[in-house]
Amino acid sequence: EPPTLAYIHQSRATLSHTGVPFDTISLCDVENPSLKDYKVYFFPNLLYATPEKMAVVEKLRAAGRTLLWVDAPGILTPQGVDPANVERLTGRNPADIPPAPLKRDALRKVLRDAGVHVFSEDSESSLYANASYVALHSAKPGRQTIRLPRAATVTELYPEHRTLGTGMTEFTFDVKGPATTLFSWEK
């Protein structure tokens, strides 16, 4: 597996352990009006930067979005290797860009500081969520806490089926071992 592809897979695994849901989109789709507007954009593999890609990044920066970089984004251009382009693309000194891979807790802090809602603080568990469901896969037994961005009626759907309560913004549950637990959360 090529190193950049391996890093993309590793980035997805790291993101799933931040307690924050995420979507994966292509840079060429960022300007699609049917996509939601994100608070944070993470570029794990933007080594090659065309003028068109740089224009998209500049629009995101101008809109006040948090842009997250690793390694040497933009170092490759249509004209060849250009280390100065890293700073033009990112607006940062290349020495200030963290190397891959990012640490889970550090990435969670960046996301939280950007105003992204954190559902879980457990860096050892994988979280998946959307506007109606939240799933947590825990590799070990123990007590887990989920924090919701709004009050909701919470129902455990798997492994049991039971209503946990209404008007909940946070709930705690016990995991008996390596297991996935699925909940619905509705207004």
Do T155 and L164 have side-chain heavy atoms sitting under 4.5 Å apart? no

Would the distance check show the side chain of K187 and the main-chain N or O of A152 forming a donor-acceptor pair, the cut-off being under 3.5 Å? no

Using the rule side-chain contact (heavy atoms from CB on, under 4.5 Å), only one of L111, L102, T14, T24 pairs with F42; which is it? L102

Specify the closest pair of heavy atoms between P21 and A129, including all atoms of both residues, with the distance to one decimal. CB-O, 3.2 Å

What's the verdict on side-chain contact (heavy atoms from CB on, under 4.5 Å) for R143 and T172, showing C-alpha distance, side-chain angles and the deciding distance? CA-CA 7 Å; R143 182 148 250 179; T172 301; 3.1 Å; yes

In sequence, state the C-alpha distance, the side-chain angles, and the governing distance for T169 and R150, and then conclude on side-chain contact (heavy atoms from CB on, under 4.5 Å). CA-CA 6 Å; T169 56; R150 59 175 164 74; over 6 Å; no

Testing the basics here: between T66 and A114, what is the closest heavy-atom pair and its distance to 0.1 Å? OG1-CB, 3.4 Å

For side-chain contact (heavy atoms from CB on, under 4.5 Å), just list the numbers for R112 and H117, CA-CA rounded to whole Å, side-chain angles, deciding distance to a tenth of an Å, and then say yes or no. CA-CA 6 Å; R112 180 180 283 115; H117 178 78; over 6 Å; no

Taken to the nearest 0.5 Å, the spacing of N85 CG from L76 CG works out to 9.5 Å

Is there a side-chain contact between T77 and Y48 in this structure, where contact means two heavy atoms from C-beta onward sitting under 4.5 Å apart? no

I need the minimum non-hydrogen distance between L89 and A49, along with the two atoms involved. CD2-CB, 4.3 Å

Chi angles and distances behind the side chain to side chain donor-acceptor pair (under 3.5 Å) call for N32, S34: CA-CA 6 Å; N32 183 330; S34 66; 2.7 Å; yes

Would you find more than 12 non-hydrogen atoms of other residues, nucleotides or ligands less than 6.0 Å from R88 atom CZ? yes

Which pair of non-hydrogen atoms, one from P94 and one from P83, has the smallest distance, and what is that distance? CG-O, 4.4 Å

Nearest-0.5 Å distance, NZ of residue K103 to OG1 of residue T18: 15.0 Å

Applying ring pair (Phe, Tyr, Trp, His ring centres under 6.0 Å) as the test, list every pair that has at least one member in residues 123-165; sequence neighbours left out. none

Cluster overlap L35 with V56, hydrophobic side-chain contacts below 4.5 Å: yes

Can you confirm whether R108 sits close enough to V118 that some side-chain heavy atom of one is under 4.5 Å from a side-chain heavy atom of the other? yes

If you define the side chain from C-beta out and look only at heavy atoms, does anything of Y38 sit under 4.5 Å from L60? no

Is V116 reachable from W185 through a run of hydrophobic residues whose side-chain heavy atoms are each under 4.5 Å from the next? no

Would you sort out whether S123 and H17 count as a side chain to side chain donor-acceptor pair (under 3.5 Å), showing the intermediate values? CA-CA 5 Å; S123 295; H17 287 84; over 6 Å; no

What's the spacing between M168 CE and T153 OG1 if we round to 0.5 Å? 9.5 Å

Would you find a donor on one side and an acceptor on the other, under 3.5 Å apart, between the side chain of E87 and the backbone of G91? no

Kindly say whether the aromatic ring centers of F183 and F173 come within a distance under 6.0 Å. yes

For the residue pair W69 and F43, does the interplanar ring angle fall in the parallel (under 30°), tilted (30 to 60°) or perpendicular (over 60°) class? parallel

Find out whether P78 and P51 are in side-chain contact, i.e. whether some heavy atom of one side chain is under 4.5 Å from a heavy atom of the other. yes

Hydrophobic clusters here meaning ILVMFWY residues chained together by side-chain heavy-atom distances under 4.5 Å, can you tell me if F22 and V134 are in one? no

Taking it one step at a time, do Y41 and V30 satisfy side-chain contact (heavy atoms from CB on, under 4.5 Å)? CA-CA 9 Å; Y41 290 83; V30 166; 4.1 Å; yes

Any L136 side-chain heavy atom under 4.5 Å of L182 side chain: no

Tell me yes or no: between the side chains of S132 and N130, is some donor less than 3.5 Å from an acceptor? no

Linking I/L/V/M/F/W/Y whenever their side-chain heavy atoms sit closer than 4.5 Å, directly or via other members, would V175 and L157 fall into one cluster? no

L27 reachable from I75 in the ILVMFWY side-chain graph, under 4.5 Å edges: yes

As an exercise, state the distance from NZ of K53 to SG of C28, rounded to the nearest 0.5 Å. 8.5 Å

So, for P159 and T181, which heavy atoms are closest and what is the spacing to 0.1 Å? CD-CG2, 4.0 Å

Roughly how far, to the nearest 0.5 Å, is the CG atom of L46 from the OG1 atom of T90? 10.0 Å

Quick test of your reading: applying salt bridge (charged side-chain N to carboxylate O under 4.0 Å, His left out), list the pairs with at least one residue in residues 54-74, sequence neighbours left out, ordered by first then second residue. E31-K59, D37-R65, E58-R61

Quick one: closest heavy-atom pair of L127 and S120, and the distance? CD1-CB, 4.1 Å

Mind checking whether V154 and T166 have side chains closer than 4.5 Å, heavy atoms only? no

Short N-O contact, K109 and D113, less than 4.0 angstrom: yes

Could you walk me through whether Q144 and D122 pass the side chain to side chain donor-acceptor pair (under 3.5 Å) check? CA-CA 8 Å; Q144 294 286 347; D122 183 359; 2.8 Å; yes

Can you find a heavy atom in the side chain of L15 that is under 4.5 Å from one in the side chain of V20? no

